[in-house]
S.K.: 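Provided herewith is a single structure, encoded as structure tokens, for subsequent inquiry.
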Amino acid sequence: MLQVSDIRENSEDIIKRLAIRNINAKPIINDVLDFDEQRRQMQTQLDATKAEMNALSKEIGNLFKSGQADKANALKVKTSELKDTIKSVEQALNDKALALQDMLYKIPNVPNVLVPEGNSDEDNLETLRDGEIPQLHDGALPHWDLAKKYDIIDFELGNKIAGAGFPVYKGKGARLQRALIAYFLDKNTDAGYTEYQLPHVVNEASGIGTGQLPDKEGQMYHITADDLYLIPTAEVPGTNIFRDVILNESDLPIGITGYTPCFRREAGSYGAHVRGLNRLHQFDKVEIIRVEHPSKSYEALDGMVAHVQDILKELELPYRILRLCGGDLTFASALTYDFEVFSAAQERWLEVSSVSNFETFQSNRLKLRFKNADGKNELAHTLNGSSLALPRILASILENYQTEAGIRIPEVLKPYTGFDIIN
RNA sequence: GGAGAAAUGGCAGAGUGGUCGAAUGCGGCAGUCUUGAAAACUGUUGAGGGUCACACCUCCGGGGGUUCGAAUCCCUCUUUCUCCGCCA
């Protein structure tokens, strides 16, 4: 959520930069300015009326105490009119404030100057490409066939138990998945992130805090009986650790990491590009989250990108980094880098990580602040990224590391798997 | 799931209708003293809105109500604790 004070001061600039997302924000920004102006007028009126009421009440109290009950009762008559005014202005103010908030909820974050123009993923800017694309032997298979051949992932069984998009991992497949989780967590904690185990459900306030609610509730599984949501990413419980928190400046930066399953409804998309592990309703992910001083957040973003890069290098997977264009940027992000690995049998790039700086967009909703050098509360910046998402990494390992003798295990994972080939 | 108790500032803890944004202690910060530190002493120390700055308004778990006036009374929700039951 953008800050009203920012919109007041820089409305022209904000409109210009939102145009990079291909939206014409002028009407809604003008509405925000109007509503804000009206809201503040009402607030001033309400404050003045309340001040009058308070003074009157005090006077009445004093009169009663000094035994002048008749004078006090005479004053009481005057209060009822003030009371009515307070009630009606208060109601109008609340309505206005809610309407203003609804508007603000609908405005996406302002893109950073580095965000390229564009409409779709085709306009994303490739900033780096690294790693060897392996030459596969004749008869190499896509991962869904490998999964069946070596009996390590059972999609049909998942269908039976839960439905499409809920695969069952078995034997060495399950072990490889667990190895990846442990390896990722170790890499993250070695880089200074503190490991957390977080709830896999969140309440409504948390969903609002990170921007999934309102409006995007369709993407989350909703447990209506208890009004809880299955998390679509550890970002939601992880970032909400800091909801309504005022940190000391010396607490920054904060880095946390956590493994969670992620649940996404993502209804209405079927076909070859979502086959196998490419897109699921439940998948595993290890997330990194940072809380940063505003002056350091872009440096931190670069650090996160370098960190994820390091992991992909160690796994010896061919990858590329994309700077997302305005049309592809998520609602809350100011700047996002996507990581894609090349899955050699499908011959496709698969997104395995998305690293973003949200600046104050989330912290404004969360009320996540720190006391700055002047002793004032200032919104912190939040960032997060996948480090890493499991299924597509697993898919690319299966495909890229396949040989006629079986699927080799990347060197760094061997201590975690305890075996060096799936055959 | 049943019965009872409670929720106040960073923490502990007073406060049952007005002078309470809230005693007191601890902690934090600044100062005095000291070569330095500790101790002691003095001062200061919640958040949000609003203002050039003041004024002023709001907040004692959340929401609603009674009253001229609510931390204090009433209703409701949530959470925590104790006892009982169940349980990985």
Side-chain angles (χ1 to χ4, degrees), chain A residues 1-9 32-101 103-104 197-209 213-214 223-229 237 240-252 254 261 291 360 362-380:
Chain A
M1 182 166 65
L2 300 181
Q3 291 170 262
V4 179
S5 55
D6 270 0
I7 295 177
R8 267 200 306 255
E9 286 159 27
V32 166
L33 291 172
D34 279 354
F35 272 56
D36 177 49
E37 177 66 35
Q38 293 165 28
R39 199 213 84 225
R40 282 185 296 154
Q41 267 177 25
M42 289 174 179
Q43 183 77 59
T44 306
Q45 191 196 347
L46 180 65
D47 285 0
T49 314
K50 278 188 169 173
E52 212 179 318
M53 186 72 156
N54 287 346
L56 211 50
S57 294
K58 197 168 251 178
E59 207 179 328
I60 290 170
N62 287 333
L63 286 173
F64 272 123
K65 207 167 298 169
S66 58
Q68 299 171 272
D70 46 338
K71 274 190 178 175
N73 284 319
L75 281 181
K76 271 198 195 181
V77 180
K78 286 172 73 178
T79 61
S80 72
E81 192 183 330
L82 285 175
K83 250 178 139 171
D84 289 348
T85 307
I86 287 173
K87 207 155 211 168
S88 67
V89 176
E90 208 159 43
Q91 184 59 51
L93 175 68
N94 284 343
D95 291 350
K96 190 61 72 175
L98 273 175
L100 178 61
Q101 188 166 59
M103 283 180 202
L104 289 170
Q197 288 193 5
L198 296 159
H200 298 171
V201 294
V202 292
N203 56 28
E204 187 186 17
S206 293
I208 289 172
L213 298 175
I223 304 165
T224 52
D226 300 290
D227 202 15
L228 294 168
Y229 296 86
N240 273 283
I241 292 171
F242 303 103
R243 175 154 46 85
D244 292 321
V245 165
I246 301 174
L247 299 161
N248 294 314
E249 193 165 359
S250 60
D251 294 332
L252 300 175
I254 293 171
V291 181
T360 59
Q362 290 182 329
S363 58
N364 190 31
R365 289 186 168 206
L366 293 163
K367 292 193 171 58
L368 161 55
R369 294 162 294 178
F370 67 97
K371 276 219 185 302
N372 67 20
D374 300 331
K376 295 257 185 196
N377 294 324
E378 188 176 338
L379 293 173

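Each chain gets a letter, A, B and so on, in the order the sequences are listed, and its residues count up from 1. These numbers come from the heavy atoms of this one structure, side chains and all, not from hydrogens, waters or symmetry mates.
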S.K.: Which pair of heavy atoms, one from A:F64 and one from A:N73, lies closest together, and at what distance?
M.R.: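 In terms of heavy atoms, the two residues are closest at CZ-OD1, 4.0 Å.
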S.K.: What's the gap between B:rA23 and B:rG46 when it is taken at their P atoms, as a whole Å value?
M.R.: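 Taking atom P in both B:rA23 and B:rG46, they lie 11 Å apart.
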S.K.: Using Watson-Crick or G-U wobble geometry with both distances under 3.5 Å, which nucleotide pairs with B:rA40?
M.R.: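 Result: B:rU32.
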S.K.: Okay, side chain of A:N364, backbone of A:M1: is any donor-acceptor separation there less than 3.5 Å?
M.R.: yes
S.K.: Pick the nucleotide of RNA chain B nearest each of A:K76 and A:K87; which residue has the one closer to the 5' end?
M.R.: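 Its nucleotide being nearer the 5' end, the pick is A:K87.
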S.K.: Looking only at atom C1', what distance separates B:rU67 and B:rU72, rounded to whole Å?
M.R.: 13 Å
S.K.: Let's test this: given Watson-Crick or G-U wobble pairing with both distances under 3.5 Å, identify the partner of B:rA71.
M.R.: none
S.K.: Watson-Crick or G-U wobble partner for B:rA12, using a 3.5 Å limit on both distances?
M.R.: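 Result: B:rU24.
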S.K.: Looking only at atom P, what distance separates B:rU76 and B:rC81, rounded to whole Å?
M.R.: 23 Å
S.K.: In whole Å, what is the span from the CG atom of A:N73 to the P atom of B:rU67?
M.R.: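 Result: 14 Å.
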S.K.: Roughly how many Å is it from CZ in A:R40 to P in B:rG48, rounded to a whole number?
M.R.: 18 Å
S.K.: Name the nucleic acid region contacted by A:S57, choosing base, sugar-phosphate or nothing; use a 4.0 angstrom heavy-atom cut-off, strictly under.
M.R.: base
S.K.: A:L75 near the nucleic acid: base, sugar-phosphate alone, or nothing, with a heavy-atom cut-off under 4.0 Å?
M.R.: nothing
S.K.: Could you give the distance separating B:rA47 and B:rG9 at their P atoms, to the nearest angstrom?
M.R.: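 Straight-line distance between the two P atoms is 14 Å.
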S.K.: Pick the C1' atom in B:rA22 and in B:rG17, then give their distance to the nearest Å.
M.R.: 15 Å
S.K.: Reading RNA chain B from 5' onward, which residue's closest nucleotide shows up sooner: A:S80 or A:I246?
M.R.: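 It is A:I246 whose nearest nucleotide is closer to the 5' end.
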S.K.: Would you tabulate the pairs of protein nitrogen or oxygen atoms and nucleotide nitrogen or oxygen atoms of nucleotides 55-59 of chain B closer than 3.5 angstrom?
M.R.:
residue: B:rC57; atom: OP1; partner: A:N54; partner atom: ND2; Å: 2.9
residue: B:rC57; atom: O2'; partner: A:D47; partner atom: OD1; Å: 3.0

S.K.: For a quick test of reading the model, state the closest non-hydrogen atom pair linking A:S206 to A:R243 and the distance between them.
M.R.: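 Minimum heavy-atom contact is OG-NH2, 2.9 Å.
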S.K.: For the pair made of CG in A:N248 and C1' in B:rG46, what is the distance, rounded to whole Å?
M.R.: 13 Å
S.K.: Between A:Q43 and A:D47, is any side-chain donor less than 3.5 angstrom from a side-chain acceptor?
M.R.: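 Looking only at side-chain atoms, A:D47 and A:Q43 do form a donor-acceptor pair, the distance falling under 3.5 Å.
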S.K.: Under 4.0 Å, counting only non-hydrogen atoms across every strand here, what does A:N62 touch: a base, just sugar-phosphate, or nothing?
M.R.: nothing
S.K.: Classify the side-chain pair A:Q91/A:D95 by whether it contains a donor and acceptor separated by less than 3.5 Å.
M.R.: yes
S.K.: If you measure from the C1' atom in B:rG2 to the same atom in B:rA12, how many Å do you get, rounded?
M.R.: 33 Å
S.K.: Look at A:E37 together with A:R40 and state whether they make a salt bridge at an N to O cut-off of under 4.0 Å.
M.R.: yes
S.K.: Could you tell me how far B:rG27 sits from B:rG10 if I compare only their C1' atoms? Round to whole Å.
M.R.: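 To the nearest whole Å, 7 Å.
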S.K.: Would you classify A:K367 as touching base, sugar-phosphate or nothing, given that sugar-phosphate means primed atoms plus P, OP1 and OP2, and contacts are heavy atoms under 4.0 Å?
M.R.: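 Nothing, no nucleic acid heavy atom in range.
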S.K.: Give me the atom names and distance for the closest heavy-atom approach of A:A380 to A:S363.
M.R.: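 Scanning both residues, the minimum pair turns out to be O-OG, 2.6 Å.
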S.K.: Can a side chain N or O of A:R369 be found less than 4.0 Å away from OP1 or OP2 on B:rG48?
M.R.: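 So the side-chain polar atoms of A:R369 do come within 4.0 Å of the phosphate oxygens OP1 or OP2 of B:rG48, strictly under.
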